[in-house]
2 protein chains.
Amino acid sequence: MTAHRTTTAKDVAAVAGVHPSTVSRSLDPLRASLVREETRQRVIAAANELNYRPDLIASGLRRQRTHTIGVLVPDLGNPVFAEFTGGINRRLERADYTAILLETQNQHERFQTGARLLSERRVDGIISGATRAGDRRTLRQLVQSGIPVVMAMRWIRGLEIPIVANDDLRGGALAAEHLISLGHRRLAQLHGADDIETFRERGIGFHGTLARAGIDDADQVRYAKLQTAAEARKLMRALLQACDEPPTGIFAHNDLMAVGAIEALKEQSLRCPEDVSVIGFNDMPLTEHLAPPLTTIRMPTAEIGRVAAETVLSMIDGASSPAVTISLQPRLVVRGSTAPPRR
Amino acid sequence: MTAHRTTTAKDVAAVAGVHPSTVSRSLDPLRASLVREETRQRVIAAANELNYRPDLIASGLRRQRTHTIGVLVPDLGNPVFAEFTGGINRRLERADYTAILLETQNQHERFQTGARLLSERRVDGIISGATRAGDRRTLRQLVQSGIPVVMAMRWIRGLEIPIVANDDLRGGALAAEHLISLGHRRLAQLHGADDIETFRERGIGFHGTLARAGIDDADQVRYAKLQTAAEARKLMRALLQACDEPPTGIFAHNDLMAVGAIEALKEQSLRCPEDVSVIGFNDMPLTEHLAPPLTTIRMPTAEIGRVAAETVLSMIDGASSPAVTISLQPRLVVRGSTAPPRR
DNA sequence: GTGAAAGCGCTAACAC
DNA sequence: GTGTTAGCGCTTTCAC
């Protein structure tokens with residue numbers, strides 16, 4: 001193997017017969033006009049000849065800009081977050097920014113080390129898509145260190161940090177309205193983890209809409225630690241055992257939980273949607289191909305990513321951190337897992 | 001907003017009453033032994049007090065190591081690649097490395113700009129998980145520039161670049177063996193894109209095993225441009241129209257295509273598995289909850305990521321690039337979408 | 001065991 | 001218009 005030294009601006013300068021700073025100017029679109037056209041052409045020719053790639057690390061050190069955004073997500077295996085990061089990536093790309101994606105696995109310790117890593121890498125901004133109740137201090141420290149931070153998808157209250165998220169209150173309400181309008185009165189929730197505001201909002205939105213219709217689901221809410229099919233199945237079993245008459249409508253806080261619920265129903269020879277209607281959340285891939293195809297709430301996930309990126313970029317440019325909340329609207333996707341209750 | 005200056009080694013040095021180079025030594029585990037214990041404690045105290053975070057950018061510039069690996073994937077929305085990057089991330093983390101993930105969307109141009117971006121960021125190594133036939137030149141350039149490169153998941157022949165991948169030849173063979181052993185003789189393939197070696201291998205593995213059993217599927221192979229359910233549905237329709245007697249067994253090159261195939265069968269009132277067996281590939285999330293639950297081939301995706309990361313790290317350390325191919329073994333997951341053919 | 005000096009590759013400020 | 005100089009924050013010689 002040849003000992004490799006990457007070509008630098010100095011090398012290009014030597015070939016073009018100019019000073020390194022002229023190389024720098026010629027190659028930066030913003031300052032190219034400062035250079036005589038003829039000189040610039042010579043530099044570009046030399047750069048191409050040597051296959052020169054400016055060192056963004058060195059440039060970043062000098063400019064105090066890394067053109068990098070740190071993104072914290074709970075888990076890339078979750079298709080919702082894959083879509084979210086897709087939205088971020090597409091927006092950042094247009095601005096010549098790159099994302100560093102870190103998975104927290106819903107663990108505060110990983111959130112914390114992730115945050116530390118990102119500040120050591122001097123990212124220009126951070127999008128926290130994995131925020132949970134326990135992360136408050138860490139987020140406050142980030143803000144205090146002067147780095148622009150945005151909470152997206154998941155968020156907590158009482159921080160001076162912009163929020164870009166789905167309107168989960170509305171999402172829960174949509175689910176309730178749908179089931180009520182079908183004629184359901186005995187309703188239950190398979191509730192996501194209690195320390196994630198997203199799920200609390202979904203729960204409140206659902207509960208509130210029920211209350212306004214004179215329905216109470218207070219005894220019929222079961223909380224999951226992890227929003228998996230397996231855990232939902234257990235919760236659903238317990239729910240069925242605990243009540244004389246099973247509910248006729250179930251709101252599961254995500255699609256995997258809805259799937260688990262339907263399986264638990266099958267175990268008890270209850271059919272979906274004939275005996276019990278089930279509605280999920282997220283509209284993840286393949287849900288339309290399930291039996292029955294899942295009725296669910298779809299949120300504008302990629303759009304949330306896009307707007308979150310936009311927001312953090314504007315904070316990097318503009319001075320002030322607008323402590324705003326941007327709510328994007330979810331919508332109901334009706335498929336086969338919900339139907340009117342049996343007479 | 002306060003104008004923020006992040007604290008530097010110089011600041012810490014001032015507080016601890018030492019020289020910046022002593023700060024550097026004290027905080028690097030490898031060189032901490034060069035510093036008197038008492039001094040080191042003073043430095044650490046000062047660093048904590050000031051909440052000092054060493055600047056990895058500056059450190060990288062000096063050491064000519066960014067502790068960053070670039071990873072090119074076709075699409076993070078594809079759960080297989082989410083799992084793959086998970087495997088990479090977990091391994092890199094242990095080595096204090098960070099990944100930069102870039103999505104190519106299966107477009108050569110994006111592969112190329114991605115590669116350029118990664119070299120400008122001076123990543124210490126690259127894992128190409130998105131390799132397609134057209135990317136040969138770009139990969140060769142990367143190698144020539146002296147940067148360690150590994151092809152994982154997807155790969156092409158004839159490059160002096162290590163390969164870490166699923167044994168797709170074996171995967172295709174597993175699918176064939178399963179269908180043959182159930183008693184199927186009329187078989188067809190819904191084949192993934194022709195410019196991705198992965199799919200060619202699956203096709204050859206399937207075809208070869210059939211041939212050895214005296215079965216020919218040559219007329220019964222339909223090629224997709226994109227491996228989606230929608231496209232598979234169309235291909236399957238065409239396939240059914242083109243033949244008098246439909247095949248009794250279908251090998252779809254991924255799970256989405258298998259789902260599309262099953263839907264096309266339903267349109268023609270053909271049932272799966274009673275009339276036609278369908279086997280997929282990947283074992284993506286929710287496949288076990290489909291109706292029927294999908295029989296599929298599972299590959300050790302996270303493990304491929306882990307080994308790819310391991311390989312690129314060893315190339316960064318050790319000098320030579322071992323032009324090896326590491327094949328990991330897939331396995332058959334039998335569920336409900338395959339059964340013996342009807343008499 | 002610690003300090004001083006130099007330099008990684010780039011670019012901003014200044015000089016001419 | 002282009003060259004010169006200096007410095008981003010760190011680490012690595014080399015002194016002492």
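All chains are named by letter (A, B, ...) in the order of the sequence lines, taking the proteins before the strands, and each is independently numbered beginning at 1. Side chains are part of it too, since the values below use all heavy atoms of this structure and drop only hydrogens, waters and symmetry mates.
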Modelled atom types, side-chain donor and acceptor of R53(B) and T7(B), under 3.5 Å: no

Any side-chain donor near an acceptor of the partner, R154(A) and N106(A), under 3.5 Å: yes

Non-hydrogen atoms of I304(A) and N166(A) that approach each other most closely: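 Heavy atoms only, the tightest pair is CD1-N, 3.4 Å.
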
Y97(B) vs I316(B) side-chain heavy atoms within contact, under 4.5 Å: yes

Any side-chain heavy-atom pair of V73(A) and M153(A) under 4.5 Å: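 Of all side-chain heavy-atom pairs linking M153(A) with V73(A), none is under 4.5 Å.
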
Pairwise salt bridge (Lys or Arg N to Asp or Glu O under 4.0 Å) hits with a residue in residues 111-130 of chain B, at least two apart: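 Qualifying pairs, neighbours excluded: D55(A)-R122(B), R116(B)-E120(B).
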
d(CG, L34(A); C1', dA13(C)) in whole Å: 13 Å

Distance, rounded to the nearest Å, where R53(A) contributes CZ and dC10(C) contributes P: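 Atom-to-atom, R53(A) to dC10(C), this comes out as 13 Å.
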
Axial bend angle, the helix from dG1(C)-dC16(D) to dC16(C)-dG1(D): five-pair end segments, nearest 10°: 40°

Approximate separation, where rounding is to 0.5 Å, of R36(B) CZ and R25(B) CZ: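 Between R36(B) CZ and R25(B) CZ, I get 13.0 Å after rounding to 0.5 Å.
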
Donor-acceptor under 3.5 Å ([X] side chain, [Y] main chain):
| X | Y | result |
| --- | --- | --- |
| T85(A) | F81(A) | yes |
| R110(B) | E103(B) | yes |
| H67(A) | D96(A) | yes |

Close residues, residues 56-70 of chain B, relative to DNA chain C [heavy-atom separation under 4.0 Å]: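 By residue number: L61(B), R62(B), Q64(B).
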
Scan nucleotides 14-16 of chain C against the protein and return all N/O pairs shorter than 3.5 Å with their distances rounded to 0.1 Å.
none

Sugar-phosphate, base or nothing in reach of T22(A), heavy atoms under 4.0 Å: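 Sugar-phosphate only.
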
Touch class at under 4.0 angstrom, heavy-atom based, for T8(B) against every strand present: sugar-phosphate

Set of side-chain hydrogen bond (donor to acceptor under 3.5 Å, both in side chains) partners for T131(A), sequence neighbours left out: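 Once residues adjacent in sequence are excluded, the partners of T131(A) under the side-chain hydrogen bond (donor to acceptor under 3.5 Å, both in side chains) criterion are S128(A).
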
Phosphate contact (dG9(C) OP1 or OP2) by Y52(A) side-chain N/O below 4.0 Å: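 False: Y52(A) side-chain N/O out of range (4.0 Å or more) of dG9(C) OP1/OP2.
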
side-chain N/O R31(A) vs dA12(C) OP1/OP2, d < 4.0 Å: yes

Span of DNA chain D, from the first to the last nucleotide whose atoms fall under 4.0 Å of chain B heavy atoms: dG9(D) to dT13(D)

Residue whose closest nucleotide on DNA chain C lies nearer the 5' end, P20(A) versus H19(B): H19(B)

Residues, nucleotides or ligands: over 12 heavy atoms within 6.0 Å of E37(A) CD: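 Result for CD/E37(A): enclosed.
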
With I126(A), the side chain to side chain contact (heavy atoms under 4.5 Å, CB included) member among L139(A), I100(A), L118(A), V312(A):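 Exactly one candidate clears the test, L118(A).
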
